[in-house]
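Each remark here refers to the structure printed beneath this line.
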Amino acid sequence: MFSPLVIVSTVIVAFRNITSKMRRASASFKGYTAIAWGALFMLLAVSFMPLTVHAKPVIRDLTEHQETAVDELPGDHSEDWKNLPLLDALAQHGEPQLPDEFTALPYVNPDAPKGGRLVQGVTGTFDNLNPFTPKGIAAQGITNLVFQPLMARSADEPFSLYGLVANAVRMPDDRSFIIFHINPRARFSDGHPITAEDILFSFNLLRSKGQMFYRSFYGQVTHVDEIDPLTVRFDITGGNRETPMILAQMPVLPSHLIDDQTFEQATFQTPVGSGPYVVAEVDAGRSISFKRDPNFWAQDLPITRGLYNFDEIRFDYYRDVNTQFEAFKAGLYDVRIEESAARWATGYDFPAMKDGTIIKETLPLATPRPMYGFALNTRRGPLADIKVREALAYFFDFPWVNRNLFHDLYTRTGSYFSGSALSSQGVPASAGERALLAPFPDAVRPDIMEGTWRPPEADGSGRDRTLARKGLDLLASAGYTLKGDVLRNESGEPLTFEIMVVSRDQERLALNFAQSLKPAGITANVRLVDEAQYWKRLLAADFDVILYTWNVSASPGSEQLNRWSSASADRPGSLNITGAKSPAIDAMIDALLVAQTQEQFTDAVRALDRTLLSGFYVMPLFHVDERWVARRATVERPEKVPLFVSGSAAVGAIPGALIDTWWQKP
């Protein structure tokens with residue numbers, strides 16, 4: 001016997017297919033389709049009433065459904081997954097931290113009041129409401145407010161996922177495939193149920209026409225199969241243990257509304273997803289507003305309880321950072337995550353701060369700090385020489401810059417994973433690291449292997465001659481000598497390069513560095529370009545040196561391939577902007593992707609850190625050890641700060657992980 005759930009799901013899918021074909025065949029059928037759908041959903045509402053009273057997904061019902069469905073499948077689906085346990089959570093390494101019967105995430109206020117409006121300010125503009133296509137500039141907020149992934153990431157764990165659209169999964173120990181069981185309650189905001197058809201549609205569309213990272217990551221899937229209307233199987237190749245986790249974060253798109261033929265075009269058509277908000281108003285390029293969906297299907301699930309508390313969320317756009325900050329001072333938006341040390345130190349002396357209207361606070365950071373530094377393009381001229389790349393750091397006076405430009409708010413960066421257990425700084429290589437690096441005896445310098453290396457640090461005078469002499473000696477070993485007031489190589493060519501910057505803050509820092517290079521006979525020309533030109537040249541690797549930030553996850557993974565692998569070095573549009581090509585780097589990335597234990601993973605990431613440092617692809621600069629936040633006093637937040645506190649969608653960050661937990665004071 002088929003369960004009622006299977007029958008209902010099958011009827012829905014069949015009905016959608018029929019009406020979809022009729023609608024394509026005749027525009028006049030639209031009204032009849034709407035009436036038919038209305039009648040069908042009134043009928044189905046009665047059937048689902050007993051199911052929707054549950055606050056959590058009903059795994060018992062799901063199990064019964066899946067076992068019944070398997071019996072009806074053709075033989076080629078066999079028994080390879082039937083006896084695997086149902087899991088409602090996954091972790092990249094180890095086990096998820098939350099108990100099976102958790103009632104809310106540990107960093108939320110489950111009883112937070114609903115209501116009010118939150119206004120956020122962002123710089124730039126937008127010309128697209130489709131955040132999944134490579135064309136145009138997508139509006140803020142759509143990805144995580146309108147759409148949902150199959151499983152939701154906890155912002156308080158390195159990389160753990162909990163059931164959402166898919167309320168359970170099955171996966172073997174070798175992670176060669178993953179099966180998603182769709183929550184029968186899952187709905188798009190227009191009331192359409194989410195089925196396997198939508199999952200397959202989303203996967204195929206994103207893999208073929210989505211952003212480049214979707215195309216790259218999903219390329220490791222060899223086969224996709226709709227087992228039944230609420231079950232999808234993905235078969236995976238390559239041994240990358242992160243791939244199932246990436247698939248579990250796939251956004252679910254409505255197959256009944258999206259035209260795959262026009263998907264890649266920028267559009268202002270209102271998107272429809274299954275998330276907590278719907279798009280309410282759009283002022284093209286200037287603002288976008290979202291309203292909380294009162295019929296949000298997942299509003300009573302433990303994974304969403306205490307989140308999405310504002311009735312309305314609006315993003316206002318400003319042409320530059322200074323205008324944006326002045327708007328905050330005037331009370332035009334509610335929350336500001338500050339990125340400028342100088343502004344944080346001196347810019348918040350205004351009336352709203354003094355009368356308590358604005359609260360200024362620092363939040364702790366527990367994740368690896370970003371690598372911010374001068375990215376050196378190894379494809380260009382003298383920068384192809386590792387000795388030249390290493391020597392440049394001897395002319396940077398961090399203590400002077402930190403004191404005079406940044407109010408001593410920064411810490412010097414000495415690792416690609418600073419401030420975490422994944423950093424190799426100050427730690428000698430473990431036996432596991434040495435085993436990984438053994439096939440590449442020249443890939444890591446002895447001082448970096450032993451953890452004793454530090455970026456050169458000047459005396460803070462702004463004219464440290466001792467350190468400069470060390471830099472000149474290293475350049476001399478690379479064939480450069482000072483002839484007059486110009487440093488030249490054996491062919492008489494001067495050591496010169498261009499530093500491309502995209503903001504006045506970057507320009508100020510680059511000019512200071514260029515000035516410190518001048519006495520050594522090195523010419524660094526600083527060029528300020530607009531953002532469009534900057535990204536065009538960056539993605540074409542048409543630059544010598546740029547200032548760049550590599551944001552880091554608490555669980556580095558497949559993104560490292562696009563940043564550092566040899567295969568990505570010559571691929572147009574990749575983010576291997578330095579052109580790094582190293583068999584050792586490739587092997588360390590492979591090792592971290594197949595690591596099965598936390599110890600193996602830590603060894604692999606530290607070994608990767610050592611190989612990157614030894615290549616001197618980046619001249620490390622500095623980072624902050626806290627997050628600077630200012631908010632209106634009417635906006636409240638939970639006492640506990642999660643592991644991820646970024647308010648941006650940077651790589652490794654969880655979009656909205658901080659602000660999604662906040663609420664308006666009653």
Side-chain angles (χ1 to χ4, degrees), residues 118-124 140-141 155 313-372 401-413 418-419 501-509 531 547-552 621-637 641-662:
L118 179 75
V119 181
Q120 299 184 62
V122 293
T123 56
Q140 290 279 339
I313 296 177
R314 191 178 80 215
F315 293 88
D316 288 339
Y317 283 74
Y318 299 90
R319 65 177 182 272
D320 56 55
V321 174
N322 291 332
T323 304
Q324 180 193 27
F325 183 59
E326 291 301 317
F328 180 70
K329 291 165 61 177
L332 298 183
Y333 63 96
D334 300 315
V335 179
R336 179 173 178 81
I337 298 177
E338 186 57 70
E339 302 289 346
S340 168
R343 190 177 295 113
W344 186 250
T346 64
Y348 283 78
D349 184 19
F350 52 88
M353 283 292 304
K354 296 176 180 178
D355 65 19
T357 303
I358 298 293
I359 297 173
K360 180 185 178 187
E361 58 187 346
T362 58
L363 303 180
L365 284 175
T367 51
R369 313 302 187 260
M371 166 60 83
Y372 175 62
V401 167
N402 195 29
R403 183 177 66 253
N404 290 279
L405 300 185
F406 303 118
H407 304 271
D408 280 326
L409 290 174
Y410 286 122
T411 300
R412 189 70 191 272
T413 301
S418 290
V501 297
V502 73
S503 71
R504 292 297 179 185
D505 287 342
Q506 286 191 357
E507 183 182 41
R508 182 173 58 161
L509 181 59
E531 190 168 348
L547 280 159
Y548 194 78
T549 301
W550 288 264
N551 287 290
V552 188
L621 293 178
F622 41 73
H623 62 267
V624 293
D625 288 319
E626 55 196 10
R627 175 68 70 191
W628 301 324
V629 178
R631 57 183 167 90
R632 295 186 68 80
T634 55
V635 175
E636 190 58 271
R637 67 171 180 84
V641 177
L643 180 69
F644 292 91
V645 298
S646 175
S648 69
V651 175
I654 301 178
L658 179 65
I659 296 175
D660 285 350
T661 66
W662 293 11

Legend entry - Residue pair Phe315 / Tyr317: nearest heavy atoms and the distance that separates them: O-CD1, 3.9 Å
Legend entry - N/O donor-acceptor pair under 3.5 Å between Gln324 side chain and Gly121 backbone: yes
Legend entry - Donor-acceptor contact below 3.5 Å, side chain Arg412 vs main chain Leu621: yes
Inset, instruction - Check whether any side-chain heavy atom of Glu361 sits under 4.5 Å from a side-chain heavy atom of Arg631, and report yes or no. - result: yes
Legend entry - Exam field: side chain Asp334 to backbone Val119, donor-acceptor pair closer than 3.5 Å: yes
Legend entry - Within-4.5 Å side-chain heavy-atom neighbours: Tyr318 and Glu326: no
Inset, instruction - Go through the steps to decide whether Leu643 and Thr367 satisfy the test side-chain contact (heavy atoms from CB on, under 4.5 Å), and finish with yes or no. - result: CA-CA 6 Å; Leu643 180 69; Thr367 51; 3.7 Å; yes
Inset, instruction - For residues Arg343 and Val321, determine if any side-chain heavy atom of one lies less than 4.5 Å from a side-chain heavy atom of the other. - result: yes
Legend entry - Intermediate values then yes/no, side-chain contact (heavy atoms from CB on, under 4.5 Å), Glu339 and Thr549: CA-CA 12 Å; Glu339 302 289 346; Thr549 301; over 6 Å; no
Inset, instruction - Compare every heavy atom of Phe622 with every heavy atom of Thr413, then report the nearest pair and how far apart it is. - result: OG1-C, 3.2 Å
Legend entry - Residue pair Asp355 / Thr357, side-chain donor-acceptor N/O under 3.5 Å: yes
Inset, instruction - Of all the heavy-atom pairs spanning Ser418 and His623, show the shortest one and how long it is. - result: CB-CE1, 3.9 Å
Legend entry - Sidechain-backbone polar pair: Lys329 side chain, Ala352 backbone, donor-acceptor under 3.5 Å: no
Inset, instruction - Determine the interplanar angle of the Phe406 and Tyr410 rings, folded into 0 to 90°, and report it as parallel if under 30°, tilted if 30 to 60°, perpendicular if over 60°. - result: perpendicular
Inset, instruction - Look at the rings of Phe328 and Tyr333 and say which category their plane angle falls in: under 30° parallel, 30 to 60° tilted, over 60° perpendicular. - result: tilted
Inset, instruction - Check whether more than 12 heavy atoms from other residues, nucleotides or ligands sit under 6.0 Å from atom CZ of Arg504, and answer yes or no. - result: no
Legend entry - 4.5 Å side-chain heavy-atom contact, Asp316 and Leu332: no
